[in-house]
Amino acid sequence: MPVVYFVVPCYNEEEVLPETIKRLTIKLFKLIESGRASKQSRMLFVDDGSKDKTWELIEQFGKENKFVGGIKLSRNRGHQNALLAGLMTARGKCDCAISLDADLQDDIEVLDQFIDKYNEGCEVVYGVRSSRDKDTAFKRGTAQGYYKFMAMLGVDIVYNHADYRLMGSRALDALAEYKEVNLFLRGIVPLIGFRSDYVYYERSERFAGESKYPLSKMLKFAADGITSFSVKPLKIISNIGIIICFLSIIFFIYSLVSFFTGSSVAGWASQMCSIWFLGGLQMLSIGIVGTYVGKIYSEVKARPRFIIEKTVINEDYGKENKKN
Ligand code: UDP
Ligand code: MG
């Protein structure tokens, strides 16, 4: 029986946490009773620098409920970093870790299937949303467009998969080897490889509180996904550059012809157009190149991606349970 860790990033989640812990505890009991998970399985809550009572709640529940563990990050580092902190803490203590959101939007009834697939030998199991009916038309449209765009840029991500995912200990060890600072886990995990499978589920609405992912964070996340995984935007720019150069040669010939045929009086408009157009294009290019340079900068500095301030885990992880 595998030791399973649920890794749950939490940012200002005091409204949902008591209910989430209750539901996950019941689920974990069922998994243990049905012989799917070992008694050493745990829930690991990662407090991502919350400003509310999230950490106090984790500590308090940790005292009453031996299945509840937690780590507190020194400040808010964002969902992906919090998740990584949790996964890296679980690594070495468990046979597999399942990441899920604190609001339980991801259906926990399919956890059995995750573990079954793991027992069948899968090292990574992706939770995939079977439909997006509950999303607003805007979110559905943008999300789907984004997946298609990523595929076009040659980035291998699983369609309609967020961060509801099981990773075995070998996958976690491999993940630890990825040192990048601009984290986009859905892009990294498929790169790791190993045998993988999918579990399909319906995503429900948040049962309390509000989304911690405003549009601004979502856009940043989407841009990170592209610039951390694809250099095609750079190629597109050089292609545009080539095309513009070619067009300007044609334009140059055209203006020479107009000059010699004596019809070159009104040159102001075309000049202004080209100055503005090329100026804009250059700025856009420099901006995109700058994005990459910025990334190189932060990768080269190799800052730690998280710093754990406190840890409470009631741990009695038996070595005999470890998968080879
Ligand atoms: N989250 C986090 N740090 C952040 C933002 C969000 O750890 O800076 C967590 C949050 O507590 C939740 C998960 O990430 O468990 C997903 O966030 P949310 O449910 O608000 O996003 P949505 O489902 O609306 O996309
Ligand atoms: Mg949510």
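None of the values given here were measured: they were computed from a predicted structure. Read the numbers this way: they start at 1 and go in the same order the structure lists the ligands and their atoms. Just the heavy atoms: all of them, side chains too, but no hydrogens, waters or symmetry mates, feed the values below.
Between the side chains of N160 and Y147, no donor N or O sits under 3.5 Å from an acceptor N or O.
The main-chain N or O of K139 is found under 3.5 Å from a side-chain atom of T142 such that the two form a donor-acceptor pair. Within the 3.5 Å criterion, the main-chain N or O of L31 finds a donor-acceptor partner in the side chain of S34. At distances below 3.5 Å, not a single donor-acceptor pair connects side-chain atoms of Y118 with backbone N or O atoms of V124.
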Residue pair H79, Y213: steps toward the ring pair (Phe, Tyr, Trp, His ring centres under 6.0 Å) verdict
CA-CA 9 Å; H79 173 233; Y213 250 106; 5.7 Å; yes
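For R23 and F207, the positive end sits near the middle of the six-membered ring, less than 6.0 Å away and at most 45° from its axis.
Linking Ile, Leu, Val, Met, Phe, Trp and Tyr whenever their side-chain heavy atoms come within less than 4.5 Å leaves I26 and F114 in two separate clusters. Hydrophobic clustering of Ile, Leu, Val, Met, Phe, Trp and Tyr side chains at less than 4.5 Å, counting indirect connections, keeps M218 apart from Y146.
Ordered by chain and residue number, the residues placing a heavy atom less than 4.0 Å from ligand 1 are P9, C10, Y11, E13, D48, N76, G78, H79, D101, A102, D103, Q105, K139, R203, R206, S211, K212, Y213, K217.
Listed by chain and number, D103 OD2, Q105 OE1 are the protein N/O/S atoms closer than 2.8 Å to the Mg ion (ligand 2), with waters left out.
Note that OG of S41 and CG of D95 are 8.5 Å apart. Values are rounded to the nearest 0.5 Å.
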